[in-house]
Chemist: 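Once you've had a glance at the structure underneath, I'll fire off some questions.
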Amino acid sequence: MSATAPSTAASAQSAATTISIYDTLTKQKRPFVPVTPGKVGIYLCGPTVYKESHIGHMVGPVIFDCIKRYFTYSGYEVTWVVNITDVDDKLIAESVRRGLPMADVAEEMTQDYLHNLAAFGVDQIDQMPRATETMDEIIEFIAALIEQGFAYESEGDVYFETGKDPQYGKLSNRTTDSLQGEGGEAAQRKRSLGDFALWKAAKEGQPSWDSPWGSGRPGWHIECSAMSRARLGETFDIHGGGLDLLFPHHENEVAQSECRHGKPMANFWMHNGLMRAGASAGKLGGRADREQQQVEQATVATKISRSGGAGGLADLVARQGGERLRFFLLRTQYRSTIVFSEAEVEQSGAGLETFYRLFKRYERITGESYYDVDAPRFRGAGAFDPGDDDTLKSVAAHRQHFIESMDDDFNTGAAVADLFEIARTLNRYADQADLEASGKDDPAKLAVFKQGARTLRELSGTLGLFIRPIQSAGGEDQETLEGVIGLLASIRQDARAAKNFELGDAIRDQLQAAGVTLLDRPDATEWEIQPTGNQLDALMQLVIKIRADARAAKDFAIADKIRDALQSQSITLEDRAGGTEWDKS
RNA sequence: GGCGCCGUGGCCAAGUGGCUAAGGCGACGGAUUGCAAAUCCGUUAUCGGCGGUUCGAAUCCGCCCGGCGCCUCCA
């Protein structure tokens, strides 16, 4: 086993060129070669902040968060930019509807987006420029396109002339001739129906900025060209976004930028697959989804909040937790469609428990928190010599496979399997080496186990998983709940010691029914809590019954123990004619 | 109509020419446990259909069936 060598850029660099990425433009997977050696520039199209985000908005940020982590792990210095579109037709419409200034709506929804990103563990974004803060660069960009003859002014609007770009359509595989759109209400101001707006003249009462073409606001696509140019350069490494942005958004971006610069905009175009709400509902938040919701609204309005998961992301996070949702997204290769259902989130989340239990086991064995394990942060530093130890050989093999999967277009779905395999390997070793008892004191055995845990943490870190302990969602009631469960566990322990298995089993079964699973360890009992409604009350009813039975049997030791324990939780019992009630002060 | 994507065990999901078709959830059997839970071991698929290319295909080609996306705002 090797010591953790200080990682150097050189050691990490050697492996770095093995990453391959599928490029939507060339429709092929090819090795990643950076524009600037050792560096990666990534631009991801962010949201238009006009209403609350839904889980579909998190797909791109989560996978790109992993991509940045993995590039960093591979020795690159990464700059990741995500834009916020805070001026737009829909935003204007929403501000009118709500009677608020557009900037207020944008700010509110930006905060919503930011909170959701944080909940999903997306914390790798370096810059989040707003369109309204980029106005100078946008205007300068448009002026340059007019100057170069790729754009023209028309009654205060400015349009990009797609016919001037011989390559127009290359991203989404379209020809300018095939663009049969009706051109919108601005059709008569365009030279060709396929032309798109770079600048829109302001209408009365709408937010506007001064420009050489009069007051107005930018079209949708130009901000990305202006921002990426300003922050990442004329040619940068990776441009990402949802597949739905391919046309017209990215097609128009690439046209603007490449006509202006005369060189490629991005070396790789990455598009994540879209999330669907159900088998036939179409894309989440898409047309079919919206139409279906309208139908549901007209018929069974109550089901909307629970169906599909569109909107109400904060509620979903509160129910499921961010790490479950993140994991749910990472189980699938990023280019695939994901069909969302909360049941599926729960099912995949069940697998996470395997890891959480292993982390507890790690703590029992080593006496230190798994979350404090100092894992290698670079792939060059994480390699170790397994010698002829079967456990370490297995860990090393799965580490290798994990890296190969991630190198292959960030195949998180395949990589996750190796995480499970390593967890199983460690559990098996802990069983065989009896690490929770006699084996604990064998430094050599402990070292093997710790090496495996270090590798697990090294790898899962690149997926942004298991970074820190998950929050127990309960809040202040959680402490009381834990106290009451501890009391019941203690009573049961006493009963078992006295061979009163009937009482012991009854307690366990009823805790189980209330969503609490007891796990008997050699030296103590632990428990896991599945949140359900009225959990505390259910458990208190059990406590009350046990106390009543004990008093009837004149077993005052138990009754007293209960009373004392409840007192420390500020819970009082009141015996009334119809039964005993409890109250927490 | 134009341009695309997808169809792998009960469910989810890797695998895109060749070792015994990953992994998760679930189910069943076993070890372990006072009984459990957890953990470990084992069982659970020939890859939508048909035809073709090939020594060899889930993986390439064609047709068919089924599902979905973009072409209008959309991560």
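Computed over heavy atoms, backbone and side chain alike; hydrogens, waters and symmetry mates excluded. Sequence lines set the chain letters: A, B, ... in the order given, protein chains first and strands last, and positions in each chain run from 1.
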Chemist: Distance only, no hydrogens: is a donor on one side chain within 3.5 Å (strictly under) of an acceptor on the other, for A:Thr48 and A:Asp88?
Modeler: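 No donor-acceptor contact under 3.5 Å links the two side chains.
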Chemist: When the distance from NZ of A:Lys29 to C1' of B:G15 is rounded to whole Å, what number comes out?
Modeler: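 Spelled out: NZ on A:Lys29 to C1' on B:G15 is 10 Å.
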Chemist: Rounded to the nearest angstrom, tell me the gap between atom CZ in A:Phe327 and atom C1' in B:A13.
Modeler: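 Checked: the CZ to C1' distance equals 11 Å.
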Chemist: What does the list of N/O pairs under 3.5 Å between the protein and nucleotides 42-47 of chain B look like, with a distance for each?
Modeler:
none

Chemist: Base, sugar-phosphate or nothing for A:Glu526? Non-hydrogen atoms, less than 4.0 Å.
Modeler: nothing
Chemist: Pairs under 3.5 angstrom, nitrogen or oxygen only, protein versus nucleotides 21-23 of chain B, please.
Modeler:
{"residue": "B:G23", "atom": "OP1", "partner": "A:Glu421", "partner atom": "OE2", "Å": "3.2"}

Chemist: Does the distance from a Lys or Arg side-chain N to an Asp or Glu carboxylate O, for A:Arg324 and A:Glu346, drop under 4.0 Å?
Modeler: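 Result for this pair is no, no salt bridge flagged.
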Chemist: Expressed as a whole number of Å, how far does the P atom of B:U44 sit from that of B:C6?
Modeler: 30 Å
Chemist: Using the P atom as the point on both nucleotides, what is the distance between B:C60 and B:C5, in whole Å?
Modeler: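 Straight-line distance between the two P atoms is 11 Å.
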Chemist: Just name whichever nucleotide pairs with B:G7, Watson-Crick or G-U, keeping both distances under 3.5 Å, else none.
Modeler: B:C65
Chemist: Take atom CD of A:Glu344 and atom C1' of B:G24, then tell me their distance rounded to the nearest Å.
Modeler: 10 Å
Chemist: Base, sugar-phosphate alone, or nothing: which one does A:Gly60 contact when heavy atoms must sit under 4.0 Å apart?
Modeler: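 The answer is nothing, as A:Gly60 stays clear of every strand by at least 4.0 Å.
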Chemist: Would you call A:Asp409-A:Arg335 a salt bridge at under 4.0 Å N-O?
Modeler: yes
Chemist: Partner lookup for B:G1, please. Criteria are Watson-Crick or G-U wobble with both distances under 3.5 angstrom; report none if nothing qualifies.
Modeler: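 B:C71 - that is the nucleotide pairing with B:G1, both distances being under 3.5 Å.
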Chemist: Under 4.0 Å between a side-chain nitrogen and a carboxylate oxygen: does that hold for A:Glu528 and A:Arg357?
Modeler: yes
Chemist: Reading RNA chain B from 5' onward, which residue's closest nucleotide shows up sooner: A:Ile338 or A:Val59?
Modeler: A:Ile338
Chemist: Examine B:A75: is either OP1 or OP2 under 4.0 Å from a nitrogen or oxygen in the side chain of A:Thr48? Give yes or no.
Modeler: yes
Chemist: Should A:Arg428 be listed as having a side-chain N or O under 4.0 Å from OP1 or OP2 of B:C41?
Modeler: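 A:Arg428 to B:C41 OP1/OP2: side-chain N or O found under 4.0 Å.
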Chemist: For B:U46 and B:A22, measure between their C1' atoms and round to the nearest Å.
Modeler: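 Looking at atom C1' only, B:U46 and B:A22 are 16 Å apart.
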Chemist: Once side-chain contact (heavy atoms from CB on, under 4.5 Å) is applied, do any residues pair with A:Ala433, and if so which ones, sequence neighbours excluded?
Modeler: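 For A:Ala433 the side-chain contact (heavy atoms from CB on, under 4.5 Å) partners, ignoring immediate neighbours, are A:Tyr429, A:Leu435, A:Lys445.
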Chemist: For a quick check under 3.5 Å, do A:His249 and A:Glu253 share a side-chain donor-acceptor pair by atom type?
Modeler: yes
Chemist: Evaluate the ring planes of A:Phe196 and A:Phe160, with Trp represented by its six-membered ring, and classify them as parallel (under 30°), tilted (30 to 60°) or perpendicular (over 60°).
Modeler: parallel
Chemist: Return the 5'-most residue of the pair A:Ser348, A:His221 with respect to RNA chain B, ranking by each residue's nearest nucleotide.
Modeler: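 Going by which nucleotide is closer to the 5' end, it is A:Ser348.
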Chemist: Nearest-Å distance, CG (A:Leu463) to P (B:A14)?
Modeler: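 Interatomic distance, CG of A:Leu463 to P of B:A14: 14 Å.
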Chemist: Rounded to whole angstrom units, what separation is found between the CZ atom of A:Phe402 and the P atom of B:G24?
Modeler: 15 Å
Chemist: Mind calculating the distance between CZ (A:Phe355) and C1' (B:G24) to the nearest angstrom?
Modeler: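 After rounding, the gap between these two atoms is 9 Å.
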Chemist: Using OP1 and OP2 only, check whether a side-chain N or O of A:Asn272 sits under 4.0 Å from B:A75.
Modeler: no
Chemist: Going by atom types only, do A:Asp23 and A:Thr26 share a side-chain donor-acceptor pair under 3.5 Å?
Modeler: yes
Chemist: Expressed as a whole number of Å, how far does the C1' atom of B:U54 sit from that of B:G17?
Modeler: 9 Å
Chemist: Please report the distance, rounded to the nearest Å, between CG in A:Asn427 and P in B:G24.
Modeler: 12 Å
Chemist: With A:Lys170, which residues qualify under side-chain contact (heavy atoms from CB on, under 4.5 Å), at least two apart?
Modeler: A:Leu25, A:Gln167, A:Glu251, A:Val254, A:Glu258
Chemist: Atom pairs, N/O to N/O, protein against nucleotides 35-38 of chain B, distance under 3.5 Å?
Modeler:
{"residue": "B:C35", "atom": "O2", "partner": "A:Asp505", "partner atom": "OD1", "Å": "3.3"}
{"residue": "B:C35", "atom": "O2", "partner": "A:Arg508", "partner atom": "NH1", "Å": "2.8"}
{"residue": "B:C35", "atom": "O2", "partner": "A:Arg508", "partner atom": "NH2", "Å": "2.4"}
{"residue": "B:C35", "atom": "N3", "partner": "A:Arg508", "partner atom": "NH1", "Å": "2.6"}
{"residue": "B:C35", "atom": "N4", "partner": "A:Asp520", "partner atom": "OD2", "Å": "3.3"}
{"residue": "B:A36", "atom": "N1", "partner": "A:Asp520", "partner atom": "N", "Å": "3.1"}
{"residue": "B:A36", "atom": "N1", "partner": "A:Asp520", "partner atom": "OD2", "Å": "3.3"}
{"residue": "B:A38", "atom": "O3'", "partner": "A:Arg357", "partner atom": "NH1", "Å": "3.3"}

Chemist: Any chance the side chains of A:Glu223 and A:Asn83 put a donor and an acceptor closer than 3.5 Å?
Modeler: yes
Chemist: What class does the angle between the rings of A:Tyr370 and A:Tyr362 fall in, given that below 30° is parallel, 30 to 60° is tilted and above 60° is perpendicular?
Modeler: perpendicular
Chemist: Classify A:Gly504 by what it touches in the nucleic acid, base, sugar-phosphate, or nothing, heavy-atom distance under 4.0 Å.
Modeler: nothing
Chemist: Which of parallel (below 30°), tilted (30 to 60°) and perpendicular (above 60°) describes A:His250 and A:His239?
Modeler: perpendicular
Chemist: When both hydrogen-bonding distances must be under 3.5 Å and the geometry is Watson-Crick or G-U wobble, what is B:C28 paired with, if anything?
Modeler: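 Looking at the geometry, B:C28 pairs with B:G42.
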Chemist: Looking only at atom C1', what distance separates B:A14 and B:U59, rounded to whole Å?
Modeler: 13 Å
Chemist: If I take atom CD in residue A:Gln333 and atom C1' in nucleotide B:A14, what distance separates them, rounded to the nearest angstrom?
Modeler: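 Whole-Å distance recorded here is 10 Å.
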Chemist: Can you find a donor-acceptor N/O pair under 3.5 angstrom joining the side chain of A:Gln347 to the base of B:G24?
Modeler: yes
Chemist: Measure the acute angle between the ring planes of A:Phe359 and A:Phe355, then classify it against the limits of 30° and 60° as parallel, tilted or perpendicular.
Modeler: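 Tilted.
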Chemist: Restricting to side-chain contact (heavy atoms from CB on, under 4.5 Å), what partner residues turn up for A:Asp494, sequence neighbours left out?
Modeler: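 Expected list: A:Ser490, A:Lys561.
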Chemist: Could you tell me how far B:G48 sits from B:A58 if I compare only their P atoms? Round to whole Å.
Modeler: 10 Å
Chemist: Looking only at atom P, what distance separates B:C41 and B:C50, rounded to whole Å?
Modeler: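 It works out to 37 Å between them.
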Chemist: Which one is paired to B:C55, where only Watson-Crick or G-U wobble pairs with both distances under 3.5 angstrom count?
Modeler: B:G18
Chemist: Provide the distance between the two C1' atoms, one in B:G7 and one in B:A45, to the nearest whole Å.
Modeler: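 Looking at atom C1' only, B:G7 and B:A45 are 15 Å apart.
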